[in-house]
Amino acid sequence: MKTETVDGGTIETWTPQEVWDAYSQGKIALIDVRTPQEYMLEHVEGALLLPMPFFDSEKLPSQEGKRLVLYCGSSARSGRIASACAAKGLAPVTHMEGGFAAWKQVGLPYMGTDMATGAPKRVPGKQD
């Protein structure tokens with residue numbers, strides 16, 4: 001985990017493996033800030049969708065009991081949103097390093113799309 005201070009707030013950047021470890025233990029909730037189209041094509045199973053254009057840090061659920069972790073395709077959008085949340089005093093603020101592309105590169109499981117049928121399909125991780 002890396003930390004940085006932005007506008008007086010602290011942002012934590014977790015690796016995909018750190019996110020997976022916490023997620024598989026039920027310690028965090030994932031928020032995907034990509035577009036609905038990106039989400040429908042592939043996403044982390046169980047992640048909540050809150051696209052960047054509609055994101056409002058004041059409308060986020062409480063982090064009591066479960067920390068929220070933001071992710072996007074590359075970590076550029078989630079990083080911008082994390083900075084905006086930190087500037088508004090939300091703490092802790094966490095996003096995933098490298099985004100969904102890094103998640104897939106590490107070989108973690110996700111929901112994809114069967115291109116022959118258009119149906120959702122589970123893509124197992126390398127550990128499965």
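Position 1 is the first residue of the sequence, and the numbers go up from there.
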**Q** Side chains of Lys66 and Lys27: does their closest heavy-atom pair fall under 4.5 Å?
**A**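 The answer is no, as the side chains (C-beta and beyond) never meet within the 4.5 Å cut-off.
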
**Q** Please say yes or no: joined through hydrophobic side-chain contacts below 4.5 Å, possibly via intermediate residues, are Val69 and Met1 part of one cluster?
**A**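 Yes, because Val69 and Met1 connect within a single hydrophobic cluster, where side-chain heavy atoms sit under 4.5 Å apart.
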
**Q** Do side-chain atoms of Glu42 reach the backbone of Tyr110 as a donor and acceptor pair under 3.5 angstrom?
**A**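 No, because the side chain of Glu42 does not come within donor-acceptor range (under 3.5 Å) of the backbone of Tyr110.
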
**Q** Please report the C-alpha distance between Lys2 and Glu12 in whole Å, then the side-chain angles of each, then the deciding distance to 0.1 Å, and finally whether the side chain to side chain contact (heavy atoms under 4.5 Å, CB included) criterion is met.
**A** CA-CA 6 Å; Lys2 295 185 252 181; Glu12 293 181 356; over 6 Å; no

**Q** Can a side-chain donor-acceptor contact be found between Asp21 and Gln17 if the only test is distance below 3.5 angstrom?
**A**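 The criterion, which ignores hydrogens and geometry beyond distance, is satisfied for Asp21 and Gln17.
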
**Q** What residues, two or more places apart in sequence or in another chain, satisfy ring pair (Phe, Tyr, Trp, His ring centres under 6.0 Å) together with Phe55?
**A**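 Not a single residue meets the ring pair (Phe, Tyr, Trp, His ring centres under 6.0 Å) criterion with Phe55.
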
**Q** Would you kindly say whether Glu18 and Trp20 are connected by a side-chain donor-acceptor distance under 3.5 Å?
**A**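 Short answer, no.
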
**Q** Between Gln25 (side chain only) and Ala22 (backbone N and O only), is there a donor and an acceptor less than 3.5 Å apart?
**A**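 Between the backbone of Ala22 and the side chain of Gln25 there is no qualifying donor-acceptor contact (under 3.5 Å).
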
**Q** Are Tyr23 and Val123 linked, directly or through intermediate hydrophobic residues, by side-chain heavy-atom contacts shorter than 4.5 Å (ILVMFWY only)?
**A**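 Yes, because Val123 and Tyr23 connect within a single hydrophobic cluster, where side-chain heavy atoms sit under 4.5 Å apart.
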
**Q** For Ala86 and Val93, work out which heavy atoms get closest and say how close.
**A**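 Distance-wise, the nearest heavy atoms are N-CG2, 3.9 Å.
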
**Q** List the atom of Cys72, the atom of Val33, and the distance in Å for their closest heavy-atom pair.
**A**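 The pair with the smallest heavy-atom distance is CB-CG2, 3.7 Å.
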
**Q** Given Thr3 and Thr13, is the side chain to side chain contact (heavy atoms under 4.5 Å, CB included) satisfied, shown in steps?
**A** CA-CA 6 Å; Thr3 60; Thr13 304; over 6 Å; no

**Q** Might you work through the salt bridge (Lys or Arg N to Asp or Glu O under 4.0 Å) test for Glu45 and Arg122, ending with a clear yes or no?
**A** CA-CA 8 Å; Glu45 187 172 4; Arg122 285 188 174 84; 2.6 Å; yes

**Q** Any chain of hydrophobic side-chain contacts (each under 4.5 Å) joining Met111 to Met40?
**A**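 Unlinked, Met111 and Met40 end up in two clusters.
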
**Q** Which heavy atom of Pro16 sits nearest to which heavy atom of Ala102, and what is that distance?
**A**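 Looking at all heavy atoms of both residues, the closest pair is CG-CB, 3.7 Å.
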
**Q** Kindly compute the distance separating OG1 (Thr15) from CD (Glu97), expressed to the nearest 0.5 Å.
**A**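 Going from the OG1 atom of Thr15 to the CD atom of Glu97 covers 7.0 Å.
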
**Q** Of the non-hydrogen atoms in Leu49 and Thr35, which two are nearest, and what is the gap between them?
**A**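 Answer, listing the atom of Leu49 first, then Thr35: CD1-O, 4.3 Å.
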
**Q** For a 4.5 angstrom cut-off between non-hydrogen side-chain atoms, does Leu50 reach Leu70?
**A**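 Not touching, per the 4.5 Å side-chain cut-off.
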
**Q** Just so I know, are the side chains of Pro92 and Arg67 near enough to count as touching, which here means a heavy-atom distance under 4.5 Å?
**A**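 Counting from C-beta outward, Pro92 and Arg67 do come under 4.5 Å.
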
**Q** Not counting sequence neighbours, list each pair that qualifies as a side chain to side chain donor-acceptor pair (under 3.5 Å) and has a residue in residues 69-85.
**A**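 Output for this query lists Asp32-Tyr71, Glu38-Arg77, Ser78-His95.
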
**Q** Do Phe100 and Leu41 sit in one hydrophobic cluster, given that two such residues count as connected whenever their side-chain heavy atoms are within less than 4.5 Å of each other, even indirectly?
**A**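 No; Leu41 is not reachable from Phe100 via cluster members.
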
**Q** So, Gln63 side chain and Leu68 main chain: donor-acceptor pair closer than 3.5 Å or not?
**A**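 The answer is yes, because a donor-acceptor pair under 3.5 Å joins these two groups.
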
**Q** Is there a donor-acceptor contact under 3.5 Å from the side chain of Thr117 to the main chain of Ala119?
**A**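 Here the side-chain-to-backbone pair exists.
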
**Q** Restricting to non-hydrogen atoms, name the atom on Ile81 and the atom on Met52 that form the minimum distance, rounded to 0.1 Å.
**A**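 Closest approach of Ile81 to Met52, heavy atoms only: CD1-CG, 3.6 Å.
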
**Q** Which heavy atom of Ala47 sits nearest to which heavy atom of Tyr39, and what is that distance?
**A**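 That closest heavy-atom pairing would be O-OH, 2.7 Å.
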
**Q** Please tell me if the side chains of Ile11 and Thr94 come closer than 4.5 Å, counting only heavy atoms from C-beta onward.
**A**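 The answer is no, as the side chains (C-beta and beyond) never meet within the 4.5 Å cut-off.
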
**Q** Can you confirm whether Glu4 sits close enough to Thr10 that some side-chain heavy atom of one is under 4.5 Å from a side-chain heavy atom of the other?
**A**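 Sidechains of Thr10 and Glu4: no contact.
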
